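Single-structure report; data block below.
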Amino acid sequence: MVKVTLPDGTGREFDMPVTVGEVARSIGAGLAKAAVAGRFDGRLVDLDYVIDCNGDLAIITMQSDAGLEIIRHSTSHLMAQAVKELYPAAQVTIGPAVENGFYYDFDFERPFTPDDLSAIEERMHLISERDEPVVRREMKRDAAVALFAEMGEHYKCEIINAIDADQTISLYVQGTFMDLCRGPHVPRTSYLKAFKLLSVAGAYWRGDARNKQLQRIYGTAWADVKALKAYLHLLEEAEKRDHRRLGKELDLFSLQESAGGGLVFWHPLGARVRLAIEAYWREAHIQAGYEFLYTPHMANLELWRTSGHLDFYRDSMFNPMHVDEQDYQIRPMNCPFHILVYQSRMHSHRDFPIRWAELGTVYRYELSGALHGLFRVRGFTQDDAHVFCREEQIEDEITGILDLTLATLGTFGFKQYDVFLSTRPEKSVGSTAIWDKATQALMNAIKKHNLDFVEDKGGGAFYGPKIDVKITDCLGRKWQCSTIQLDFNLPERFDITYIGEDGGKHRPIMIHRALMGSLERFFGILLEHYAGRFPMWLAPVQAMVLTITDAHRPWAAEVRDRLRAAGLRAEADLRNEKIGYKIREHTLKKIPWLLVVGDREQEQRAVSPRDASGKDLGLLPLDGLIEKLVLQARERRI
RNA sequence: GCCGAUGUAGCUCAAUUGGCAGAGCAACGGAUUUGUAAUCCGUAGGUUUGGGGUUCGAUUCCCCACAUCGGCUCCA
């Protein structure tokens with residue numbers, strides 16, 4: 001007699017041991033059909049796992065996250081099987097499920113080509129149609145090693161050898177293909193129908209650059225074809241929104257081969273957006289009680305020795321330059337400079353909190369292969385700030401910084417956050433007492449904002465705990481921009497102090513924080529989030545006045561000048577072109593307001609606006625419209 | 001940095017097996033004076049990323065460099 005308890009608390013009894021699949025069938029045909037695996041007493045198991053004792057069972061369907069992961073994992077095996085059938089010389093290594101899909105790494109004598117990918121995908125469909133059973137087998141470690149050695153799968157042997165000798169190893173067999181795997185897997189290959197191979201790339205064995213480079217084939221897999229299509233559509237959508245493409249189309253910025261990789265050139269229209277971002281940033285920081293600093297882009301290398309960057313950050317720093325018998329370093333960070341300003345005079349406990357912000361441009365050496373549009377560059381501007389305070393002020397300061405962070409992200413249209421709190425790692429500086437106190441302060445600040453957060457235990461930097469905030473864009477992608485970090489290290493290294501109430505010297509607490517992170521990267525994210533259709537307050541051109549014929553030029557120019565006088569970024573298209581042509585052109589440039597001017601408008605000192613959605617608002621008096629646009633821009637409406 | 005791919009006019013792309021480098025859009029000139037997503041005609045535009053090599057001859061084949069793309073790696 002076996003009793004199985006289901007997630008809803010109900011129990012089911014069976015006379016003899018049953019498989020997970022049989023339990024699913026006993027509940028309903030629909031469930032049995034959707035089932036891919038089970039979770040028995042918290043452990044993931046196959047559908048044909050035999051339950052021979054009482055326990056809790058949840059049926060995992062392909063619609064669930066866990067089910068999808070199993071499908072992706074099984075699809076990676078399906079791909080490996082296809083590869084082995086087509087190219088027996090290829091050796092299999094590992095093939096896990098990843099976000100939205102899976103990959104499998106192979107060692108093969110030649111690179112896989114796009115044609116190979118098509119062939120592999122075709123073969124995968126064939127194997128799916130063959131509907132082969134996927135069977136779990138178990139054996140002792142040494143037997144498994146011998147088996148894979150016989151098959152010539154050296155990587156598999158290496159993996160298995162790392163497992164304890166007395167442990168039982170599970171294998172999954174489908175057709176002639178056998179793979180070491182913990183499982184679970186779908187019971188038959190016919191469960192796998194909605195997949196597509198996406199790309200092939202190099203990847204090191206065990207992720208170590210000293211090891212042999214393997215070939216990784218990436219694919220995506222879903223529960224059904226509809227979901228697959230939706231995902232492929234999303235990929236297309238993302239490609240359309242690619243900031244590199246939009247940056248070129250809208251003439252916002254460029255990267256230039258002759259200048260070198262990872263160096264960003266902001267064009268006039270991109271600079272307008274940046275100015276709008278910076279203007280908001282400044283306004284918000286003044287309101288939040290910050291002062292501003294401007295500090296140099298380079299300084300004597302000694303400074304970087306003192307800060308310790310030379311020891312632990314050297315790989316990301318450009319080489320120093322030699323000037324007047326001294327070495328100078330272009331800065332990869334702003335913090336040492338802010339500390340120098342702090343050190344330029346004595347400080348009292350009454351000075352705190354000190355909040356200093358700077359749009360600080362930094363230069364970091366990134367591997368050439370890592371460069372990517374505006375997202376990974378070698379020179380960028382941080383919206384950096386450093387707060388100096390006393391221990392007991394930490395919580396208030398962090399709370400204030402979180403306020404500013406959420407306000408800033410919200411203003412740019414990001415309302416969904418994932419918050420991470422990273423705590424003390426094994427190797428760290430600072431006393432346990434201060435770590436505990438600071439970590440608690442961070443946690444309290446997060447709780448004050450009623451934010452859910454994930455604690456990354458031991459994930460903090462060696463110098464202090466931190467809070468990271470990730471935003472979600474309109475395609476559901478997550479980006480980490482904001483970071484708030486405590487630093488118990490730099491104040492020590494630079495020996496910065498303040499005079500306390502007791503007349504003695506004390507060490508201040510230092511907080512680093514950036515809200516947007518890198519302006520370049522944030523701009524790229526905004527560009528993709530809005531697909532180039534910036535909200536009015538950010539748009540490089542907020543309004544474009546369009547003439548019907550040359551006769552309307554005077555009024556059009558006047559409208560443009562009135563808009564500019566009201567503080568709007570306005571232009572006029574006075575060209576001798578048809579109105580349809582102008583509308584098309586400026587719509588493609590994603591200008592939020594197009595103001596058409598013809599005889600009627602000129603007579604009545606009016607305009608006919610067309611908004612971002614393409615709607616013609618009809619004849620409107622200019623004065624009222626200007627008021628409306630100014631309000632829209634000033635309130636930074638999204 | 002590593003693996004693979006790519007690099008042709010401002011942009012998007014063509015160019016049999018190595019044989020005079022082309023189109024659309026944009027630019028410029030002219031005509032047209034136009035009412036909500038492309039008016040017509042014409043002109044000009046190139047050291048085919050840079051350097052070297054093979055060849056009678058290289059956009060094409062080879063080598064090196066640079067940049068870009070997809071990944072790996074890194075990410076204080």
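Quick note on labels: first sequence line is chain A, next is B, and so on, each numbered from 1. Only a predicted model underlies this, so the values are computations on that prediction, with no experimental measurement involved. Computed over heavy atoms, backbone and side chain alike; hydrogens, waters and symmetry mates excluded.
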[X] side chain near [N] phosphate (N/O to OP1/OP2, under 4.0 Å):
X	N	value
Ser199(A)	G71(B)	no
His372(A)	G70(B)	yes
Arg364(A)	C75(B)	no
Lys578(A)	U36(B)	no
Tyr218(A)	C72(B)	yes
Arg244(A)	G70(B)	yes

Do any of residues 549-559 of chain A sit with a heavy atom less than 4.0 Å from RNA chain B, and if so which? Thr549(A), Asp550(A)
For a quick check of understanding: with a heavy-atom distance under 4.0 Å over all strands, which category does Glu239(A) fall into, base, sugar-phosphate or nothing? nothing
For Gly262(A), answer base if it contacts any base atom (sugar-phosphate contacts may also be present), sugar-phosphate if it contacts only those atoms, and nothing otherwise; contact means non-hydrogen atoms under 4.0 Å. sugar-phosphate
Just the rounded figure in Å: distance from [atom2] of [N] to [atom1] of [X].
X	N	atom1	atom2	value
Arg600(A)	G35(B)	CZ	C1'	7 Å
Ile548(A)	A37(B)	CD1	C1'	14 Å
Tyr581(A)	A37(B)	OH	P	15 Å
Glu577(A)	A31(B)	CD	P	14 Å
Tyr204(A)	G1(B)	OH	P	11 Å
Glu585(A)	A27(B)	CD	C1'	12 Å
Leu588(A)	U36(B)	CG	P	17 Å

Please list, for nucleotides 41-50 of chain B, all pairs of protein and nucleotide N/O atoms separated by less than 3.5 Å.
none

As a check on the pairing definition, encode RNA chain B in dot-bracket form, counting Watson-Crick and G-U wobble pairs whose two distances are under 3.5 Å, and using | for partners outside this strand. (((((((..((((.....[..)))).(((((.......))))).....(((((..]....))))))))))))....
Within 45° of the axis and under 6.0 Å from the centre of the six-membered ring of Trp222(A), does NZ or CZ of Arg72(A) qualify? yes
